[in-house]
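Below: the structure, in C-alpha cells.
Counting starts at 1 for both ligands and their atoms, in listed order.
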Amino acid sequence: MEILAFGVQSDEKPLIEKAFAGKHEVRCLDVFLNRDTAPIAAGYEIISTSVNADLGSGVLQTLAAGGTQMIAQRSTGFNNIDLDVAERLAMRVARVSYYSPYSVAEFAWTLAMAVNRRVIRAASRTRDFDFRLDGLLGRDMHGRTVGVVGTGKIGEAFTRIAHGFGMNLLGWDVVENPACVELGMRYVDKEQLFAESDLISLHVPLLPSTHHVIGKDALVRMKDDAILINSSRGGLVDTTALVGELRAGRFLGVGLDVYEAEAGLFFLDKSLEGIDDDTLARLVTFPNVIVTSHQAYYTEDAVGQIIEATVQNVDDYLARRGSDNVLVPAPPGP
Ligand code: NAD
C-alpha cells in the first residue's frame, strides 16, 4: 500500500518515512491539499493531510472520484473537514485526538511572556547594540488573574503553568474540569472572565457556537492593558474588531498563533511575493502584537506522537477496526 501525505514540513518528512518504514510506502508532498492539488491523489486509497488542508465538499468529491477511501488527518482540530460529505462518499476520516497538550500550552505561555516582557523588541535592540530599557517595562504574573477559555487537555496544561506562576485562576467552559478546580480555578461566565482577567488564553475548539467568541463585545469588556493569547483556532477571534481595538491603543500585548484567514498563507514562504491580506499585514505592524504561523504544536514530542497515531489510524482502517480517532467510520470491509 502506498500512502500519499500532503503538507509535510521538511522536519517531519524523515519522521514520517521512519514511522511507516516496513509497513507501507509513503510519498511525502510539501504542497497542501486543496482544489488545485487534489487531483494528485488519484489512485491513492489512503491519503494523509495536515491542518489547513481544504477538505470541503469539492475536494472530497475529487478525492472520491480518484479512488481515495481513507483520510488520515494529522491534527486534533477537524473544522476543515466536511464530515457529512465524507460520510455520504463512504470515506473513512480519522484524526489524532490526543497528543502532547504541553506543546500548545507551553507555546501559549511563550507568547504571553514574550509580549509581556517585550522580548522581540529587546532582542532586536541588543542586536543593534542598543542596551536601553525604555519601553520594555513588563509586569509580574504572580498575583495577577488569568482567564482560561476552554479547560480541556490544553487548557488544563496551561492552567497548571499559571498555577506555578501563582496566579488567580478563572475558567470558562461548558463543563468544569475537576483538575482545574483542584488547582483553585473559579468557573465564571465569560463576560466576568473577560472583565476581570489580566491575561486571557483561548483553548476551546472552533465550532459554530465559538466562532468569533472574541468579537467586539468581548474585546471592549477586557481591561485596556490585558494580554490576549490565541493558540487554538483563528476563527475564535474577530480579527477586524481586534485590529480596531489595537488601533485605539488597547492591550498590553496580543499573541496569535492562529489567524482566521491563515489557510493559503501559514506554512508557506510569502516573503518575496507579499500577501494580499490587509488585516494580517496591519496586525503584524503593531509593536505589542506577535503573530506566529500555527506552530504551537510543533515540538518533536507532539509531532512524533501525531505521526505514530497516524500510522495506527491507517492500520486500524486496513483492519476495519474502530478507535477514538475515527470521525467517520470505514465503509463495510470487502
Ligand atoms: P479538548 O477537547 O481537550 O478541550 C476543549 C475544551 O473546550 C473542552 O473542555 C470542552 O468542554 C470545551 N468546549 C467545547 N465546546 C465549547 C463551547 N461551545 N463553549 C465553551 N467550551 C467549550 O481539546 P484540546 O486538546 O484542549 O484542544 C483545544 C483546541 O486547541 C483544539 O480544538 C484546537 O483547535 C486547538 N489546537 C491548536 C493547536 C496549535 O498548534 N495551535 C494544536 C492543537 C490544538
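Nearest protein neighbour of atom 36 (N) of ligand 1, counting heavy atoms only, is R233 NH1, 3.7 Å. For atom 9 (O) of ligand 1, the nearest non-hydrogen atom of the protein is D173 OD2, 2.6 Å. At the shortest separation from atom 28 (C) of ligand 1 among protein heavy atoms lies H203 O, 3.3 Å. Scanning all protein heavy atoms for the shortest distance to atom 26 (O) of ligand 1 gives I154 N, 2.8 Å. Taking atom 31 (C) of ligand 1 as the reference point, the nearest protein heavy-atom neighbour is S232 OG, 4.1 Å. Of all protein heavy atoms, the one closest to atom 1 (P) of ligand 1 is K153 NZ, 3.7 Å.
Residue contact check: V104 has heavy atoms under 4.0 Å from atoms 38 (C), 42 (C), 43 (C) of ligand 1. The distance from ligand 1 to the heavy atoms of L207 drops below 4.0 Å at these ligand atoms: 15 (N). Near T151, with a cut-off below 4.0 Å to any heavy atom, the atoms of ligand 1 are 9 (O). Those atoms of ligand 1 with a heavy atom of Y297 less than 4.0 angstrom away are 40 (O), 42 (C). Proximity to Y99 (heavy-atom distance under 4.0 Å) selects the following atoms of ligand 1: 42 (C), 43 (C). In summary, the atoms of ligand 1 found under 4.0 Å from a heavy atom of S209, numbered by their order in the structure, are 18 (N). Counting atoms of ligand 1 from 1 in the listed order, those under 4.0 Å from a heavy atom of H294 are 39 (C), 40 (O), 41 (N).
Side chain to side chain, T49 and Q73 meet the donor-acceptor criterion of an N or O pair below 3.5 Å. A donor-acceptor contact closer than 3.5 angstrom links the side chains of T37 and N34. Side-chain contact annotation: Y298 with D11, donor-acceptor N/O pair under 3.5 Å present. Donor-acceptor pairing under 3.5 Å is recorded for the side chains of N168 and T145. Looking only at atom types and distance, the side chain of S293 has no donor-acceptor partner in the side chain of Y259 under 3.5 Å away. In this structure, a donor-acceptor pair under 3.5 Å is absent between the side chains of D82 and S57. Side-chain contact of T310 with R74: a donor-acceptor pair under 3.5 Å is absent, judged by distance alone. Checked by atom type, the side-chain pair H294/T292 shows no donor-acceptor distance below 3.5 Å. Counting only N and O atoms by type, the side chains of T239 and E260 include a donor and acceptor under 3.5 Å apart.
Salt-bridge check for E245 with K216: passed, with a basic side-chain N closer than 4.0 Å to an acidic carboxylate O. Salt bridge annotation for R321-D315: absent, with no cationic side-chain nitrogen under 4.0 angstrom from a carboxylate oxygen.
Closest heavy-atom approach to atom 22 (C) of ligand 1 among the candidates V204, V258, T292, V149: V204. Taking only non-hydrogen atoms, the option from V175, L256, V174, V213 nearest to atom 16 (C) of ligand 1 is V174. Relative to atom 7 (O) of ligand 1, the option among S231, P205, G152 with the closest non-hydrogen atom is P205. Comparing V51, T76, T210 by heavy-atom distance to atom 17 (C) of ligand 1, the nearest is T210.
Put simply, no part of Y98 is less than 4.0 Å from ligand 1, judged by heavy atoms. The shortest separation from a heavy atom of A296 to ligand 1 is under 4.0 Å, placing the residue in contact. Ligand 1 lies out of reach of L206, whose nearest heavy atom is not under 4.0 Å from it. Ligand 1 is never approached by Y298 to a heavy-atom distance shorter than 4.0 Å.
Relative orientation of the F158 and W109 rings is parallel, given thresholds of 30° and 60° on the angle between their planes.
In terms of polar-atom proximity, defined here as any N/O pair under 3.5 Å, D257 does make such a contact with ligand 1. For ligand 1, none of its N or O atoms has an N or O atom of G155 under 3.5 Å away.
Counting heavy atoms under 4.0 Å from ligand 1, residue F107 does not touch it at all.
Taking each heavy atom of T62 and P39 in turn, the nearest pair found is CG2-N, 4.2 Å.
A cation-pi arrangement, defined by a distance under 6.0 Å to the six-membered ring centre and an angle within 45 degrees of its axis, is absent between R127 and F129.
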